[in-house]
**Q** 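Below you'll find the structure I mean.
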Amino acid sequence: MSSFPVTRLRRLRRTETLRALVRESRLSLDDVVMPLFACPGEGVVRPVPGLEGIAQRSVDEIVREGSELSALGIRAVLLFGIPEEKDAEGSGAWATDGIVQRALRALAAEVPELTLMTDVCLCEYRSDGHCGVLEDGEVANDASLDLLVRAAASHVEAGADVVAPSDMMDGRVGAIRTALPHTPIVSYAAKYASAFYGPFREVAESAPATGDRRGYQMDPANVREALRECELDLDEGADVLMVKPALAYLDVIRAVRERFDCPVAAYNVSGEYAMVKAAAAAGHLDEKAAALESLVSIKRAGADFVFTYWAKDLARWL
């Protein structure tokens, strides 16, 4: 390779057109999924403090939001549910008339062009707020699998195109794959016990009543373990591997991308979104520029697509 002055890398940075021609990572609306939060009621749009632009929405408002997202060019959403009541079993997760199931049927009927993904977990539905069955104060892995399968199957029956198990129970991908041989599975394969989930737990009303989730979500210090989780999930039938969170785990996204020849997703989580929102509100940075830089860094690290609360804003910016 020749060196300076023959080689001058600034030549291709002189204009926006030149920069665009040689840009290595690009953002597209095909690459983003918008999370939505369904809640009981009618005409409900309940904003969440600290998550500007994000709200709990009743089914009719979910349909309205889905229609708007589709018109803007967003092609996929990820549904979470806030049930009317929680119980010790988490039965709302698989109820035929559960909140996610009602939202799925309404969206499938009114906005059929949207790809409908669902988060599969028990935490929003259980009175203890944990992602699986509690036995003697600990989450019982194997006893939780059948309930997760029931939840995933109920979502597909109601119209889900893709299921995304987020519970981090060992073996849950294989159990769901056996029950749903033809349904795409986006596995939360490397989901860390992160401090960046705080705002999400407010909007999803899913904080554990006692203890924490470090016994089943991953230690933030580990990357080799993440690759083992990903390998196991692929062997069990996952179609897509997800890393969550994204910005503090770009090295994990890169490691997964380099190790596995399959689609890789990343979840740009609520705390990451809220930090930029707060800094922008205080005048410390430009939100649009910081958001675009954040999202392109996730793509550059190796993610094929990104779950992000900026999806709607991105549609306007692009």
**Q** Name all residues meeting the side chain to side chain donor-acceptor pair (under 3.5 Å) criterion together with Glu138; count only those two or more places apart in sequence or in a different chain, and write none if there are none.
**A** none
**Q** Parallel, tilted or perpendicular: which describes the rings of Tyr309 and Tyr267, with under 30° parallel and over 60° perpendicular?
**A**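 The rings of Tyr309 and Tyr267 sit tilted, inter-plane angle from 30° to 60°.
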**Q** Check step by step if side chain to side chain contact (heavy atoms under 4.5 Å, CB included) holds for Asp233 and Arg172.
**A** CA-CA 9 Å; Asp233 284 2; Arg172 92 275 203 208; 3.3 Å; yes
**Q** Taking only residues two or more places apart in sequence or in another chain, which ones pass ring pair (Phe, Tyr, Trp, His ring centres under 6.0 Å) with Tyr125?
**A**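 With neighbours one apart ignored, the set is empty.
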**Q** Crowded around Arg14 CZ? As in, over 12 foreign heavy atoms under 6.0 Å?
**A**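 No, because the 6.0 Å sphere around CZ of Arg14 holds 12 heavy atoms or fewer from other groups.
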**Q** Determine, stepwise, if the pair Glu16 / Arg23 fulfils salt bridge (Lys or Arg N to Asp or Glu O under 4.0 Å).
**A** CA-CA 10 Å; Glu16 173 54 30; Arg23 189 161 290 141; 3.1 Å; yes
**Q** Using 4.0 Å as the upper bound for N to carboxylate O, is an ion pair formed by Glu229 and Arg259?
**A** no
**Q** List in chain and number order the residues that pass side-chain contact (heavy atoms from CB on, under 4.5 Å) with Lys277, two or more places apart in sequence or in another chain; answer none if no residue qualifies.
**A**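 Testing Lys277 for side-chain contact (heavy atoms from CB on, under 4.5 Å), a comparison that skips the adjacent residues, returns Glu52, Tyr273, Glu287, Trp310, Asp313.
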**Q** Centres of the Phe305 and Phe307 rings: under 6.0 Å?
**A**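 Here the rings of Phe307 and Phe305 have centres that are less than 6.0 Å from each other.
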**Q** Salt bridge (Lys or Arg N to Asp or Glu O under 4.0 Å) for Glu225 and Arg228? Distances and angles first, verdict last.
**A** CA-CA 5 Å; Glu225 183 186 10; Arg228 294 184 69 191; over 6 Å; no
**Q** Going by side chain to side chain donor-acceptor pair (under 3.5 Å), name the residues that satisfy it together with Ser58, two or more places apart in sequence or in a different chain.
**A** Asp60
**Q** Does NZ or CZ of Lys244 come closer than 6.0 Å to the centre of the six-membered ring of Tyr197, within 45° of the ring's axis?
**A** yes
**Q** Mind listing the closest non-hydrogen atom pair of Leu250 and Ala301 along with its distance?
**A** O-CB, 3.8 Å
**Q** Just wondering, more than 12 heavy atoms not from Asp235 lying within 6.0 Å of its CG?
**A**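 Above 12, so yes.
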**Q** Mind checking what makes side-chain contact (heavy atoms from CB on, under 4.5 Å) contact with His284, not counting sequence neighbours?
**A**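 Expected list: Ala279, Ala282.
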**Q** Holding to salt bridge (charged side-chain N to carboxylate O under 4.0 Å, His left out), I want the full list of residues that pass it with Asp304, two or more places apart in sequence or in another chain.
**A** Arg257
**Q** Taking side chain to side chain donor-acceptor pair (under 3.5 Å) as the test, write out the residues that go with Ser166, two or more places apart.
**A** Asp119
**Q** My understanding is that only residues two or more places apart in sequence, or in another chain, count here; which of them pass side-chain contact (heavy atoms from CB on, under 4.5 Å) with Glu89?
**A**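 side-chain contact (heavy atoms from CB on, under 4.5 Å) list for Glu89, sorted by chain: Asp87, Ser91, Trp94, Leu147.
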**Q** Mind checking what makes ring pair (Phe, Tyr, Trp, His ring centres under 6.0 Å) contact with Tyr188, not counting sequence neighbours?
**A**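 If we apply the ring pair (Phe, Tyr, Trp, His ring centres under 6.0 Å) test to Tyr188, skipping adjacent residues, there are no hits.
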**Q** With sequence neighbours excluded, tell me which residues meet side-chain contact (heavy atoms from CB on, under 4.5 Å) with Ala311.
**A** Val32, Met34, Ile74, Thr308
**Q** For the side chain of Gln101 and the backbone of Val156, is there at least one donor-acceptor N/O pair under 3.5 Å apart?
**A** no
**Q** Provide the full list of ring pair (Phe, Tyr, Trp, His ring centres under 6.0 Å) pairs with a residue in residues 146-180, sequence neighbours left out, each pair given once.
**A**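 Counting only pairs at least two positions apart or across chains, no ring pair (Phe, Tyr, Trp, His ring centres under 6.0 Å) contact touches residues 146-180.
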**Q** Assess whether atom CZ of Arg224 is packed by more than 12 heavy atoms of other residues, nucleotides or ligands within 6.0 Å.
**A**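 Atom CZ in Arg224 is not crowded, with 12 or fewer foreign heavy atoms closer than 6.0 Å.
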**Q** Partners of Asp30 by side chain to side chain donor-acceptor pair (under 3.5 Å), sequence neighbours excluded?
**A**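 In terms of side chain to side chain donor-acceptor pair (under 3.5 Å), with neighbours along the sequence ignored, Asp30 is linked to Arg75.
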